[in-house]
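Throughout, a chain's letter reflects where its sequence line sits, starting with A, and its residues are numbered from 1. All values reported here derive from a predicted model rather than from experimental measurement. The analysis underlying the following values was restricted to heavy atoms, covering all of them including side chains, and did not include hydrogens, waters or symmetry mates.
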Amino acid sequence: MPYLGSEDAVRELRRALSNPNVQSDQLRYRNTVLKAIRAMSQGVDVSDLFSEMVKACATVDIVQKKLVYVFLCSYATLNPELSLLVINTLRKDCQDPNPMVRSLALRNMTNLRLPSLVEYVEQPLAAGLRDRAACVRRVAVLGWAKLHNLQPDAEIDAAVVNELYGLLRDPDPVVMVNCLRALEEILKKEGGVAINKPITHHLLNRLKESDVWGQCEVLRILQRYHPQSEDELFDILSLLDASLVSPHPPVMAATLGLFLGLCSGLPAVSLAALERVRGPLLAACGSTSRETRFTALCHIQLLLRSLPGLMGAHYKRFFCGYAEPAYIKQRKMQVLVELVNDENVAMLLDELKGYCTDVNPETAQAAISAIGRIGRSYSDRCLEILTGLLGLKQEHITSAVVQTMCDLVWVCPQCSDTVCSALEGCEEMLQDSQGRQALLWLLAAYGERVSSAPYTLEGFIDRVRSEASLGVKMELLTTTMRLFLCRPSETQDMLGRLLHYCIEEEMDMCVRDQALLYYRLLHCGIEETHKVLHGQRSDPSLGVLIGRPAEPINQWAYSFNTLEPLRQAGVETEPASRGSPEHVTFDPKPNTDLSDTLNCSQIEKVNLGSDGASGFTCSSAKVLAPLSLSLSPALSPEEFEHLWMQRHAEQGAEKLEEEEEDYVCLEERIQFPAIPPCSPQSLQAAMQLVNIQTLAFTPPHTLPWRVYLYTHTHHAHYGSTLVIGELLYIGEASRRVAAVKKGMEDGDVVEGEQEAGLSGRALVRKDGREEEVEVTLKQQPRDDNALKGFLSILTTVLHTLSSESS
Amino acid sequence: MISQVFILSSQGDHLIYKDFRGEAGSDVVSVFYEKVTALTGDQPPVVMSHGDLHFVHVRQGGLYWVATTTSPGSSPFTIIEFLNRFSALVKDYCGSLSEKSVQMNFALIYELLDEVVDYGYIQTTSSDVLKNFIQTEAVSSKPFSLFDLSNVGFFGAETQQSKVAPSSAASRPIQSSREQGGRSEIFLDVIERMSVVIGSKGVVLKADVEGEVRVKCFMPSCSEMRIGLNEEFSIGKSQLRGYGAAVRVDECRFHQNVHLDEFHSNRVLRLCPSQGEQTVMQYQLSDDLPSAPPFRLFPTIERDSGGRLLMYLKLRCDLPSKSAAINVCATIPVPKGSVSLSQELSSPDQSAELKLQNRAIDWKIPRFIGGTQLSALFKLEVSGLSPSSLMEVGPVVLVFELPQLTVSGLQIRFLRLSPVQPAPSQRWIRYVTHSDSYILRL
């Protein structure tokens, strides 16, 4: 066919369509229609052919009918009047003996999307619901949903809704699922289809009849159901158990979503479900479809937030394939970082090292920063790799290595010696602004130990005029200032030049203001400058101490099996935690991404500083260093209550006859002015961040205000202990009355546990008017150091909370 | 809930566009194409948003298969699985998946879409159900002929043997069997993908095999089919059967239509295949392969006095001598400043080429017989060669196909159809192992 402009083509087609000779020959007629549709899907506007197509609709040829309907549905909204003509044909088709024709007519009648036609459509739709062919009923059911959405404000016909509810019992599973879908849309204002016990059980019993898609839909809608009893809940769960390990990822994901919804109050069951889906998820990670693979990886990252050990044994499954696209490789590396432990660290680092020279610079950089993340726990091995990479003398690799070192040193100050010696000679290789910024930051922090620091800075200052990046200029100012403080003679001259340039010539207001600030600061004297620039540094290594907490499942369950996990690319990667130390205030949150498999020997080297945010000095820092908290094994509220009451009973019954300590009961007061406004959610979240589980609390603003919590301490040398505790705030008036109870101990020891009792009371009170909470802690078995460590963590959390809320 | 489905060619031509819910205009197609082409390498392109419309897409057959949805709570697993399934259906019905076949069969694809999705809800994707509704006939790009051997893919050189069906035999529309009447065929493929990492000292660090048994059925009526696997087939670590060499897999999943009542006693799978392609069984095996990995590499790498990099590579194929690997390609990463390559290869059919764009040498071996050893000497001119440049060499990646071989040892004992087909039916059983990722560290 010769090339025709779109108008010519349309004219040609119209002529052919209205040619009686063509119309009489079925095959030719069909082919002409086909041409029109082809033009349509190539983007040619063929809406002018509407009236010819309406005529072409009246044919016995089903293929042609289908083609015409595709056309009509696309252009009906442009020709509402002509569409009225189609309705007659369609209504006639609805009486056709062939069910395929009936369903086709019904479907396209509702697909025209013309509100003016609704009155003609209702009657055939109502008849369609009672049609004997399932395929017609399927279409009719969804037809009502389409009709409703055409006139969202119209009254809902109760009879139709009832009929749809009745059709939930239709023998055809697709009709049943379509009823759910239609009711969900029609009753949107009332919160969707009613999910009560009989409906739920009916749907569950028929789940197996549906195909994958129907099952997913049913499982999704069932999330709204709340079982009335625990027995019922467990019946449902065991019914769904097979779907949880379904070979079809959509079913597996939908079932797990339902599990997590149903078991939101039973964390132990949810965790067991996560364990159960490990196999299917891993299989999805090896799927031939890379999109499925990516989706599975993103969801594994979610799961790992609550169960960091879930994939530990399967780390090899996350090794990157050679031909995989970069975005999958990067996700895999993020997962690998989470899985590192003493046994596999050598293998993992070997593997990651191989990716560092990847042809794709993004993959290479991701691999380098992954090594840096592992370096927080295994710094020696990682630094060796990183310094080795500098030898490659490649721009993107050097830049990534310097940035990674910068992040690493911030968390692990003990690495600074190696880093300082590696820095020499890097500056020529650094081209991008992030890399240079990182180098400058390192020079600021460790300038006195890098002999060539002033020369490097000099180079930067000489080129400052041509410097395009704002960040580099700001960093350069700070670095020169700080270097001036420790090596004044070498840097005085260049500092002067830099300040002069920035104040007199720089066009950017931020840089200029910063320079002015430093200039005036210098006028205040060197003492003052020192105080500002070398202000007390908060200690991020506290984050290492706490480790990455296992988040409760509820924190991410809402986003499971939605598009969200796929979208947030690299949320797990570095938060912007870096910066000049004086600009960073202690905040536990940026550390949430730390790996929780920490090697204790190295933490011991970490010197815990005092925390500037609280008025409390941590005298036991050295002792508590190797302490970590964890929530497993989980303690149910019942067990907690039992333990707690048991202790109380013992306490009440036998007065401390002998100090033959079986467990520790410690009472403490902590300043916590934020109690009344403190919301339970934020308290719970803060506690969970450090692996303390809150089990129960009174609503805010009630007195006395109580919180019950528990955790397990793990000590490198002394094993683990269980700590249960209560926070109590009884209000201003009654506070004085609170008696100090003495913890005691008892004889009937549970199978040889070495138990100890100690009661103590230490007031950290500074000021009588400050509000304080009473902390009662019980520990079993006894371990004073661990208890003290726990107390200081708790204190830190409470202080952080109160400083945040004030 | 899917709002629209469309198919784009890799150049952005609109091939198919269908709007199910009228929630967004057709202009989003171009928006999508702009977004997807503007992506840089590190952005995961699977999900993209435009306003409150979310695009989910997969790539199959060089085409973009896109679904849009307005609800961010939609299950990504479902949408992606649907798109994959839909493209598989299109492949079944059109015979192959390409821009051309989609273009020629657009009427058929519209018809399929109409039956598969209604108002954004997936109705059915089962070809058994669909065959009753689909009326349009597929248009093949060229008439199929068993003797058309121009398209060598699956079995490479093996295709010339008369007893093996050519790879193109299975790429034809499933419906044609209805009209052509005569040829009712069934293909049973055992396909395995290996991912292996071998350390620098020749230690196998990782060896995974993902396998599947696929049936492609061109029979209009096949009531039941029985597939017998090796009797020694066992699942899991502990279970051992028989006295012969056990064929063991770690995990095994079956299609939901497979009846397993005879599986535990006789290792027989029973199913009623529907027309078109389906995966009957997927299995997976980690770390503990029954045989040695098929390839070993013995490298010697040094700098010569003239500032060149010398690489002497010996590659050994440990397959049984009756088997051979085909289309073997070894990719050897080289230092950044590499300029030119001179080579000495052990036989004339091999070739090697320096790909500067990928910074790698591609060493191609069309056919590599088991039990033999090949060697290559590469001399690389590298500007600015330094000791640390050696770090950039490696790991070597091998791509290959092993026809008529499964690494796991899985075999099909028999394939029986019942009732016995009146017309002569042909049953093909094919095995192949692909390298998913075969990495040899230096």
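- Taken to the nearest 0.5 Å, the OH atom of B/Tyr121 stands 9.0 Å off from the CG atom of A/Asn178.
- The contact between B/Phe20 and chain A is made entirely by backbone atoms, counting heavy-atom distances below 4.5 Å.
- Residue B/Phe77 comes nearest to A/Pro249 through the heavy atom pair CD2-CB, 3.7 Å, listed as atom of the first residue, atom of the second, then distance.
- With rounding to the nearest 0.5 angstrom, the OG atom of A/Ser289 is 9.5 Å from the CG atom of B/Leu83.
- Ranked by heavy-atom pairs under 4.5 Å with chain A, the list B/Asp19, B/Val56, B/Asp436 is led by B/Asp19.
- Residues A/Cys135 and B/Phe133 meet the side-chain proximity criterion, which asks for heavy atoms closer than 4.5 Å.
- Looking at B/Ser126, neither its backbone nor its side chain comes within 4.5 Å of chain A, counting heavy atoms on both sides.
- Interface remark: A/Arg220 contributes no atoms to any contact with chain B (heavy atom separation under 4.5 Å).
- Contact of B/Ile122 with chain A is made through backbone and side chain together, with heavy-atom distances under 4.5 Å.
- Contacts with chain B were tallied for A/Leu104, A/Val63, A/Thr295, A/Val251; A/Thr295 has the most, counting heavy-atom pairs under 4.5 Å.
- For the atom pair B/Ile80 CD1 and A/Thr292 OG1, the distance stands at 5.5 Å (nearest 0.5 Å).
- Looking only at heavy-atom pairs under 4.5 Å with chain A, the residue among B/Val129, B/Asp114, B/Asp13, B/Thr69 that has the most is B/Asp114.
- Residue contact with chain A, scored on non-hydrogen atoms closer than 4.5 Å, involves the backbone and the side chain of B/Val58 alike.
- For A/Leu563 against B/Ser71, the heavy-atom pair with the smallest separation is CD1-O, 4.2 Å.
- With a 4.5 angstrom heavy-atom cutoff, A/Arg107 touches chain B only via side-chain atoms.
- Pairing each heavy atom of A/Thr562 with each of B/Pro72, the nearest pair is CB-O, 3.5 Å.
- In this structure, chain A has heavy atoms under 4.5 Å from both the backbone and the side chain of B/Glu81.
- The main-chain N or O of B/Leu205 is found under 3.5 Å from a side-chain atom of A/Lys316 such that the two form a donor-acceptor pair.
- In plain terms, the two heavy atoms of B/Pro395 and A/Gly354 that are nearest each other are CD-O, 4.5 Å.
- Contact count versus chain B (heavy atoms, under 4.5 Å) is highest, among A/Ala145, A/Gly257, A/Pro361, for A/Ala145.
- Both the backbone and the side chain of B/Thr78 come within contact range of chain A, with heavy atoms under 4.5 Å apart.
- Note that SG of A/Cys356 and CD of B/Glu392 are 11.5 Å apart. Values are rounded to the nearest 0.5 Å.
- Comparing A/His314, A/Lys208, A/Glu185 by heavy-atom pairs within less than 4.5 Å of chain B, the highest count is held by A/Glu185.
- For the pair B/Asn132/A/Met100, no side-chain contact is recorded, criterion being any heavy-atom separation below 4.5 Å from C-beta on.
- Interface remark: A/Leu34 contributes backbone and side-chain atoms alike to the contact with chain B (heavy atom separation under 4.5 Å).
- In terms of heavy-atom pairs under 4.5 Å with chain A, the best-connected choice from B/Gln256, B/Arg21, B/Glu115, B/Gln103 is B/Arg21.
- The part of B/Leu15 that comes within reach of chain A is its backbone (N, CA, C, O), which places non-hydrogen atoms under 4.5 angstrom from that chain.
- The choice from B/Lys336, B/Glu212, B/Gln60 that makes the most heavy-atom pairs within less than 4.5 Å of chain A is B/Lys336.
- B/Gln284 places a side-chain heavy atom less than 4.5 Å from the side chain of A/Arg317.
- The main-chain N or O of A/Gly286 is found under 3.5 Å from a side-chain atom of B/Arg193 such that the two form a donor-acceptor pair.
- Neither the backbone nor the side chain of B/Val29 comes within contact range of chain A, judged by heavy atoms closer than 4.5 Å.
- Both the backbone and the side chain of A/Asp350 come within contact range of chain B, judged by heavy atoms closer than 4.5 Å.
- Only the side chain of A/Glu217 comes within contact range of chain B, with at least one heavy atom under 4.5 Å from a heavy atom of that chain.
- Contacts of A/Lys66 with chain B are made by side-chain atoms alone, with heavy-atom separations under 4.5 Å and no backbone atom involved.
- For B/Glu251, the part lying near chain A is the side chain, with the backbone staying farther off; criterion is any non-hydrogen pair under 4.5 Å.
- Side chain of A/Glu291 to backbone of B/Arg59: a donor-acceptor contact under 3.5 angstrom is found.
- Both the backbone and the side chain of B/Asp118 have a heavy atom closer than 4.5 Å to some heavy atom of chain A.
- With chain B as partner, the option from A/Val174, A/Val177, A/Asn149, A/Leu142 having the largest number of non-hydrogen pairs under 4.5 angstrom is A/Leu142.
- Using a 4.5 Å cut-off between heavy atoms, B/His54 contacts chain A through its side chain alone, with no backbone atom that close.
- Atom NZ of A/Lys353 is surrounded by 12 or fewer heavy atoms from other residues, nucleotides or ligands within 6.0 Å.
- When A/Thr357, A/Ile328, A/Val359, A/Leu392 are compared by the number of non-hydrogen pairs under 4.5 Å with chain B, A/Leu392 comes out ahead.
- If you measure heavy-atom distances from B/Ser435 to chain A, you find no contacts under 4.5 Å at all.
- The most heavy-atom pairs under 4.5 Å with chain A, out of B/Arg253, B/His255, B/Lys206, B/Met1, come from B/Lys206.
- Side-chain contact check for A/Tyr69 and B/Glu111: no donor-acceptor pair (N or O, by modelled atom type) lies under 3.5 Å.
- The part of A/Cys320 that comes within reach of chain B is its backbone (N, CA, C, O), which places non-hydrogen atoms under 4.5 angstrom from that chain.
- By the ring pair (Phe, Tyr, Trp, His ring centres under 6.0 Å) test, A/Phe560 is found to be paired with A/His299, residues two or more places apart in sequence or in another chain being considered.
- Residue contact with chain B, scored on non-hydrogen atoms closer than 4.5 Å, involves the backbone and the side chain of A/Thr288 alike.
- Contact tally against chain A (heavy-atom pairs below 4.5 Å) for B/Phe82, B/Tyr110, B/Phe106: the top residue is B/Phe106.
- Between the side chain of B/Ser437 and the backbone N or O of A/Tyr322 there is at least one donor-acceptor pair closer than 3.5 Å.
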*Can B/Gln135 and A/Asp61 be said to form a side chain to side chain donor-acceptor pair (under 3.5 Å), step by step?*
CA-CA 10 Å; B/Gln135 303 282 320; A/Asp61 179 7; over 6 Å; no
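- Contacts between A/Ala366 and chain B at a heavy-atom distance below 4.5 Å are absent for every atom of the residue.
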